[in-house]
Amino acid sequence: MESLWKGLLQNSLLLAGLKAFAVSLILTPILRDIFRSYNVVDRPGERHLHPHPIPRIGGVAIAAAYLIAVFPLGEIPLWKLLPGAAVIFLTGLLDDFFTLKPVFKLAGQTTAALLVFFNGLSVGTLGRKEPLPLWLDLPVTVLWVLLTTNALNLIDGLDGLCAGIGSIATLAMFGAAWLYGNQPLTYATLPLACALLAFLCYNLSPATVFLGDSGALLIGFLLGCYGMIWTQKTSTLLISLLAPLIALSVPLLDVSVSILRRILRRKPIFSADRAHIHHRLLDLGLTPRRAVLVLYGFGAMAAALTLLLIAPQLAPFRNGLLLLLVAAVVLGLRELRYKEFDLVGRWFFGGELQRNLEESLRLDSLGAALAAAPTREIWWIALAEAARECGWSRIQWRKPGGASEVSFHPLATTDWIFSVPLGKMGTIEIQGRPGLRGLDLAAFASVIARSARAFEPAEAARAEAV
């Protein structure tokens, strides 16, 4: 037994992991108390669920533990990682102290991504025999780093969530690297995983310290770099893409959903809101701790699926496993009940798209017919024909010289009445049956009013001539 322990302790990889764990475990409470005394804390508010101020510079302990653990290791190309990691850490630290504007945070993240690229770390070949051309490799690398960096930062909303998901994703990448014999990646990932596991001793609910942007951005940045180290050492396109994407599926899914929601709502992509996945779980009635455990479970499932998909023995079952993952994601998003996606679903799969297209074409046709009408009488005939096609019960034109009315379903029950004032031309009033609208009434009113105004110059000219 003693010889076994000596053999383990002589393993530089194990020593690096133990060193990162010990430094993070010891340094985190020391820094927590220091920053609390200097009032560098996150205060309770609308988007902060904790009841009292909590220090938010836990990322300093993670960065120090990782640097101390990996610096003596010759297996990691540190000159590729550390300059960009330093920039991303300083960007997050400045944001923790001074709350930087999004444009400055983005500038710091982009600088870090460019440093990584020009130091020789990029998405590389993506499983191809030939490397990607520079014009494609550079933007893809920068976008990938920005995506992972912000993905981890965005999920940092509940006690233990970002550090826990980050440790699970890191362990998944470590397992993949171990299976494929990717030694640089194993030495890069295990110290971070161990540092995060130690940090979770103080960050799980109820947390006494937060990562802050310095920690969340650093974790996301390093995970993005791990994904690129992985792609450069694998020769299959599917495997090179799957491992990092699925290992990071929880934060990547959250940032993708956030971007889609804001695009659908026509809001800035970097605007803050309270509709991330963990917020939706809270809105569904889960406690913060249970919401974190649910996301841990999904992250662990994704990590296990990562290892299954890259296993050569399971290659025949990859398509089935991918379908299982897609089904889990679709069902999960459905349970979260995002109104934006419900609307999109009804639009494409519930017939809303076809109905809106038909309605738009019908309004265009009506507008053309009314605009082409040379007299009020022909204008009224075209309007009555449109009412008949819509299935309305009655349409009436109350004009200065009297009233015109056409009834299509005199015995039908009237559920609603809609009036369109036309100024000197009087008022159009329509009545409809229950549940039958036929057209967007506001757009219908706009078409009628616009066509009615076209008669005013002609009538004024005739009156002047008389």
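Atom set for the values below is all heavy atoms of this structure, side chains included, hydrogens, waters and symmetry mates excluded. Quick caveat, the model's predicted, so the values are computed rather than measured.
Under the 4.5 Å side-chain criterion, counting only non-hydrogen atoms from C-beta, L324 is not in contact with L305. F210 places none of its side-chain heavy atoms less than 4.5 Å from the side chain of D156. Using a 4.5 Å heavy-atom threshold, the side chains of L223 and T149 count as separate. Counting heavy atoms from C-beta on, the side chains of P206 and T208 never come closer than 4.5 Å. Residues V87 and F221 have side chains not in contact (no heavy-atom distance under 4.5 Å, counting atoms from C-beta outward). Counting only heavy atoms from C-beta outward, the side chains of L106 and L146 approach each other to under 4.5 Å. Between K80 and V116, every side-chain heavy-atom pair lies at or beyond the 4.5 Å cut-off. In this structure the side chain of P251 never reaches within 4.5 angstrom of the side chain of T148, judged on heavy atoms.
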Intermediate values then yes/no, side-chain contact (heavy atoms from CB on, under 4.5 Å), V292 and L281: CA-CA 9 Å; V292 169; L281 291 174; over 6 Å; no

Derivation of the side-chain contact (heavy atoms from CB on, under 4.5 Å) call for F199 and V209: CA-CA 9 Å; F199 180 78; V209 63; 3.8 Å; yes

Derivation and outcome, side-chain contact (heavy atoms from CB on, under 4.5 Å), residues I155 and H276: CA-CA 7 Å; I155 66 168; H276 292 285; over 6 Å; no

Worked verdict on Y296 versus L293 for side-chain contact (heavy atoms from CB on, under 4.5 Å): CA-CA 5 Å; Y296 279 2; L293 291 176; 4.2 Å; yes

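In this structure, CG in L197 is found 5.0 Å from OG in S167, a value given to the nearest 0.5 Å. Atom CG in L366 sits 7.5 Å away from atom OG in S451 (nearest 0.5 Å). For the atom pair C225 SG and L192 CG, the distance stands at 11.0 Å (nearest 0.5 Å). Atom CG of residue L295 and atom CD1 of residue I168 lie 9.5 Å apart, to the nearest 0.5 angstrom. The distance from atom CG of L154 to atom CG of L161, rounded to the nearest 0.5 Å, is 11.0 Å. Distance OG1/T170 to CG/L190: 10.0 Å, rounded to 0.5 Å.
Using a distance-only test at 3.5 Å, with no hydrogens or angles considered, a donor-acceptor pair links the side chain of S249 to the main chain of I246. At distances below 3.5 Å, not a single donor-acceptor pair connects side-chain atoms of Y226 with backbone N or O atoms of A169. Between the side chain of S365 and the backbone N or O of L361 there is no donor-acceptor pair closer than 3.5 Å. Checking side-chain atoms of D42 against main-chain N and O of I54 turns up no donor-acceptor pair under 3.5 Å.
The side chain to side chain contact (heavy atoms under 4.5 Å, CB included) search around L179 returns L307, I310, not counting sequence neighbours. Shown here are the ring pair (Phe, Tyr, Trp, His ring centres under 6.0 Å) partners of Y180, two or more places apart in sequence or in another chain: W230. Applying the side chain to side chain contact (heavy atoms under 4.5 Å, CB included) criterion to L143, with sequence neighbours excluded, gives no partner residue. Under the rule for a side chain to side chain contact (heavy atoms under 4.5 Å, CB included), the partners of L67 that lie at least two apart in sequence or sit in another chain are F71, L82. Listed by chain and number, the residues in a ring pair (Phe, Tyr, Trp, His ring centres under 6.0 Å) with F174 are W178 (sequence neighbours excluded). Legend: residues meeting salt bridge (charged side-chain N to carboxylate O under 4.0 Å, His left out) with D95, ordered by chain and number and at least two apart, are K105. The salt bridge (charged side-chain N to carboxylate O under 4.0 Å, His left out) search around D283 returns R274, R280, not counting sequence neighbours. Considering only residues two or more places apart in sequence or on other chains, D96 meets the side chain to side chain contact (heavy atoms under 4.5 Å, CB included) condition with R56, I57, D213, S214. For R450, there are no salt bridge (charged side-chain N to carboxylate O under 4.0 Å, His left out) partners at least two apart in sequence or on another chain.
Of all non-hydrogen atoms in G227 and P244, the two that sit nearest each other are CA-CB, 3.8 Å. Between A163 and L200, the closest heavy-atom pair is CB-CD2, 3.7 Å. The nearest pair of heavy atoms linking A291 to L282 is CB-CD2, 4.1 Å. When all heavy atoms are compared, the tightest approach of A445 to F418 is CB-CE2, 4.0 Å. The shortest heavy-atom contact between T28 and A61 is OG1-CB, 3.4 Å. Listed here is the closest heavy atom pair of T306 and A247: OG1-N, 3.4 Å.
Judged as a ring pair (Phe, Tyr, Trp, His ring centres under 6.0 Å), not a single pair has a partner in residues 77-104 (not counting sequence neighbours). Within the structure, the ring pair (Phe, Tyr, Trp, His ring centres under 6.0 Å) test picks out no pair touching residues 17-44 (sequence neighbours left out). Identified under the side chain to side chain donor-acceptor pair (under 3.5 Å) test for residues 134-146, with sequence neighbours left out: S122-D137, D137-T141.
Within 6.0 Å of CZ on F317 lie no more than 12 heavy atoms contributed by other residues, nucleotides or ligands.
Remark: the S24 side chain and the Y66 side chain contain no N/O donor-acceptor pair separated by less than 3.5 Å.
For the side-chain contact (heavy atoms from CB on, under 4.5 Å) with H278, the lone residue among V294, V250, L286, L158 that qualifies is L158.
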